[in-house]
Chemist: 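Here's a structure for you.
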Protein chains: 2
Amino acid sequence: MAETLTASALTLKDIAREAGVSLATVDRVLHNRPGVRPETVRRVKAAIERNSFQPHVAAAELARGRARRFAFVMPSGPNPFMQQIEAYLGEMSGWLSARRLGVEMVATDVFDPSVLAASLEALSGDYDGVAVVALDHPSVRAAINDLVDAGTQVVTLVSDVPSSRRHHYVGIDNIAAGRTAGALVGRLVGQKSGKVAIVAGSQGLRDHAERIFGFNQVMASEFPRLGVLPVLEGRDEDDRSEQLLARLLARHADIVGLYNVGAGTQGVAKALSDAGRDKVVFVGHDVTVLTRRLLLQGVMDAAISQNPGHEARAAVRVLLALARGEPILREQEKIRIDIVMRDNLP
Amino acid sequence: MAETLTASALTLKDIAREAGVSLATVDRVLHNRPGVRPETVRRVKAAIERNSFQPHVAAAELARGRARRFAFVMPSGPNPFMQQIEAYLGEMSGWLSARRLGVEMVATDVFDPSVLAASLEALSGDYDGVAVVALDHPSVRAAINDLVDAGTQVVTLVSDVPSSRRHHYVGIDNIAAGRTAGALVGRLVGQKSGKVAIVAGSQGLRDHAERIFGFNQVMASEFPRLGVLPVLEGRDEDDRSEQLLARLLARHADIVGLYNVGAGTQGVAKALSDAGRDKVVFVGHDVTVLTRRLLLQGVMDAAISQNPGHEARAAVRVLLALARGEPILREQEKIRIDIVMRDNLP
DNA sequence: GGTGTTTTGAGGTACGCAACTCATTTTGAG
DNA sequence: CTCAAAATGAGTTGCGTACCTCAAAACACC
């Protein structure tokens, strides 16, 4: 009837007694400090295992005294998505200070590898953990690895550097996101035939390229009757996206679907409405003030969202867990691909 | 460049000095213990505000000594959704015991108001917090209020009792979920005309009724060309759902969409395939082993999911925050309505 | 067997707060 | 002004761990 899921009111003292050693030795084992015979290490670890002992996180936190500092390395300039992340971190300030966690925002040009790498190197030693919106480039990879070697916990945020030794990636699977977008466009277009347009920031950006890849995968295999037009590179700018798309719409009267991979949403929407092509199925990314309005107006049909609030909080939680040596709740920290339509707007 | 989001390395001693009182008085104010003049209370609170002081959560936790106990009151019997919740709680066991939190599962017949109320009353005094899958009924409401009055933190899970004084509800907005289902069915059907069927457990269940309400709302206002057939009540049983639906399909050759509000998914799927009506747009709830397979096979087109893992963890976090007197991160604990299609299966 | 090295024990201090006691001061009512 | 009640100060103890020191014991090597 009543099944208990937890236990452990044991303390280190109990473990010491169990293992037949002193508190000091248990402490040495627990923090892999030198000066303990391998045999003794085994005995202590066995006792810990046997009782599935977990150090009392509050006591550990209190005892270490020193507060922890995390840095968030984010793109400079006005980027609504990043501003949201910052805002969500702000909402956590009570939570953070109750745990004596200091979180600092470091703005830098994340699109210039050497600048980003330099920014990262500059953090070394000052922080217990770093979350970074990273470009995948050799010098950035090296900078991340250096931080890791210096004992800093490193989490990549939104954009990953899989080849580095970062401890964790907080963000979505962009190929799956592209696939989802493809499935949505294809399904929402319905029985109609015609062409599908893609507007991206740049195919050089890893996340955009991956999304396009996934999108094309699905279109090719499941909606072959819909021809995909060459990708327009709008550099995430409204004006440029609008112009490119306007020209494309003028040339192709049979466009029935549109996938906006990155930003520039305002321009994309304007081009559509100026051309009187409101019926085109329009799928984009991220829920912002703008996309929210477009969804409510019916201009956009769906948005693929990666929940910036969740990403911000997950990054903090993961850094904290890593710093404390706690296990990470993978399920909890995984960023899901949200499909947002008008009726499930958050 | 580097903007700090947190502060507070202050201690109670600092606040005491600031307010010109002793530690004991600050302590009295902080825990609303009697014996402090209103004027002094104000001075102390002002000092706390002024410095935006947050008690060190680790120190507080350590000092109180006593471990916290939470109870999860859940339906007895085999219910995959509830089993998932339990499994997710199991995955947290390390996290829980590191915080000296005890979580116990209490199985009961949540569909019998008096039994459920009695189970709740029996918990009084033994637990710091209770999460309950609650039926909305006067005696249940009273039991919840009694718990609250006894100082127990109460959270309703999945199914709410809004008229009670529960501290929080962890679950989705079922009307919005129904609306989302309606929008999906309507959009995925495309240009076709025809009828839409609804299979529910029972219209007496609050959550099912709300979903149907939302569904009908959207169908009526946005897809008037699709006629909604009377609700089939399958009691969440496979066999019954199958029979009812089979009969309906035989009678109506023009069914183009189907909304399965509750369980009985297996039966619904069987009726569809036996009748050779695979093209019917099929939207249901929850991602389970079964619905996952149906989505991959293309039998189901979309599932509305409420992420049981998130619900389980949110319930624990909310109970803990309430017990500690910490603020709740509303954004974080809000359960979102996930649209799951084949390509964004978690 | 003696030497030097490694391993272990014992103990202390500090972390910030909760919870308590008891003495002292302040306050307000009469 | 007096006296009891209310308000406050001062202090203690303990929570479980980290981190440190110093001495004692065990060990390895020649």
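Order of the sequence lines sets the chain letters (A, B, ...), proteins ahead of strands, with each chain counted from 1.
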Chemist: Taking heavy atoms of chain A and a 4.0 Å limit, find me the 5'-most and 3'-most nucleotide of DNA chain D within that range.
Modeler: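 Result: D:dG16 to D:dC27.
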Chemist: Which residue, A:Val36 or B:Leu62, contacts DNA chain C at a nucleotide closer to its 5' end, judged by nearest heavy atom?
Modeler: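 With A:Val36 and B:Leu62 compared, the 5'-side residue is A:Val36.
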Chemist: When you check every protein heavy atom under 4.0 Å of nucleotides 18-30 of chain C, what one-letter string (B, S, -) results, 5' to 3'?
Modeler: SB-------S---
Chemist: For B:Glu61, what residues pass the side chain to side chain donor-acceptor pair (under 3.5 Å) criterion, not counting sequence neighbours?
Modeler: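 In terms of side chain to side chain donor-acceptor pair (under 3.5 Å), with neighbours along the sequence ignored, B:Glu61 is linked to B:Arg68, B:Arg324.
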Chemist: What is the distance, rounded to the nearest whole Å, between atom CZ of A:Arg99 and atom C1' of C:dG16?
Modeler: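 Value for this atom pair: 15 Å.
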Chemist: Can you list everything that forms a side-chain contact (heavy atoms from CB on, under 4.5 Å) with B:Ala312? Sequence neighbours excluded, please.
Modeler: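 Only B:Ile85, B:Tyr88, B:Leu89 meet the side-chain contact (heavy atoms from CB on, under 4.5 Å) criterion with B:Ala312.
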Chemist: Which whole-number value in Å describes the distance from A:Glu39 CD to C:dT7 C1'?
Modeler: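 After rounding, the reported distance stands at 13 Å.
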Chemist: Applying side-chain contact (heavy atoms from CB on, under 4.5 Å), run through B:Thr11 and B:His56 and close with a yes or a no.
Modeler: CA-CA 8 Å; B:Thr11 73; B:His56 192 318; over 6 Å; no
Chemist: So, using side chain to side chain donor-acceptor pair (under 3.5 Å) as the criterion, who are the partners of A:Gln84 when residues are at least two apart?
Modeler: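 Residues passing side chain to side chain donor-acceptor pair (under 3.5 Å) with A:Gln84: none at all.
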Chemist: List in chain and number order the residues that pass side-chain contact (heavy atoms from CB on, under 4.5 Å) with B:Ile328, two or more places apart in sequence or in another chain; answer none if no residue qualifies.
Modeler: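 Per chain and number, B:Ile328 pairs via side-chain contact (heavy atoms from CB on, under 4.5 Å) with B:His168, B:Val318, B:Ala321, B:Leu322, B:Glu333.
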Chemist: Grab the CG-C1' distance between B:Leu10 and C:dC17 for me, whole Å please.
Modeler: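 Nearest whole value for this atom pair: 14 Å.
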Chemist: C:dG30 pairs with which nucleotide, Watson-Crick or G-U wobble, both distances below 3.5 Å?
Modeler: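 For C:dG30, the partner nucleotide comes out as D:dC1, under the 3.5 Å rule.
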Chemist: For A:Gly65, which contact category applies under a 4.0 Å heavy-atom criterion: base, sugar-phosphate, or nothing?
Modeler: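 No contact at all - A:Gly65 keeps every heavy atom at 4.0 Å or more from the nucleic acid.
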Chemist: With sequence neighbours excluded, give me every salt bridge (charged side-chain N to carboxylate O under 4.0 Å, His left out) pair touching residues 127-139 of chain A.
Modeler: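 Listed by first then second residue: A:Arg66-A:Asp128, A:Asp136-A:Arg206.
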Chemist: Using side-chain contact (heavy atoms from CB on, under 4.5 Å) as the criterion, list what pairs up with B:Glu49, not counting sequence neighbours.
Modeler: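 side-chain contact (heavy atoms from CB on, under 4.5 Å) check on B:Glu49 returns nothing, list empty.
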Chemist: Could you tell me which residues satisfy side-chain contact (heavy atoms from CB on, under 4.5 Å) with B:Gln306, sequence neighbours excluded, listed by chain and number?
Modeler: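 B:Gln306: side-chain contact (heavy atoms from CB on, under 4.5 Å) contacts with B:Phe81, B:Val158, B:Ile172, B:Arg211, B:Asp286, B:Glu311, B:Ile335.
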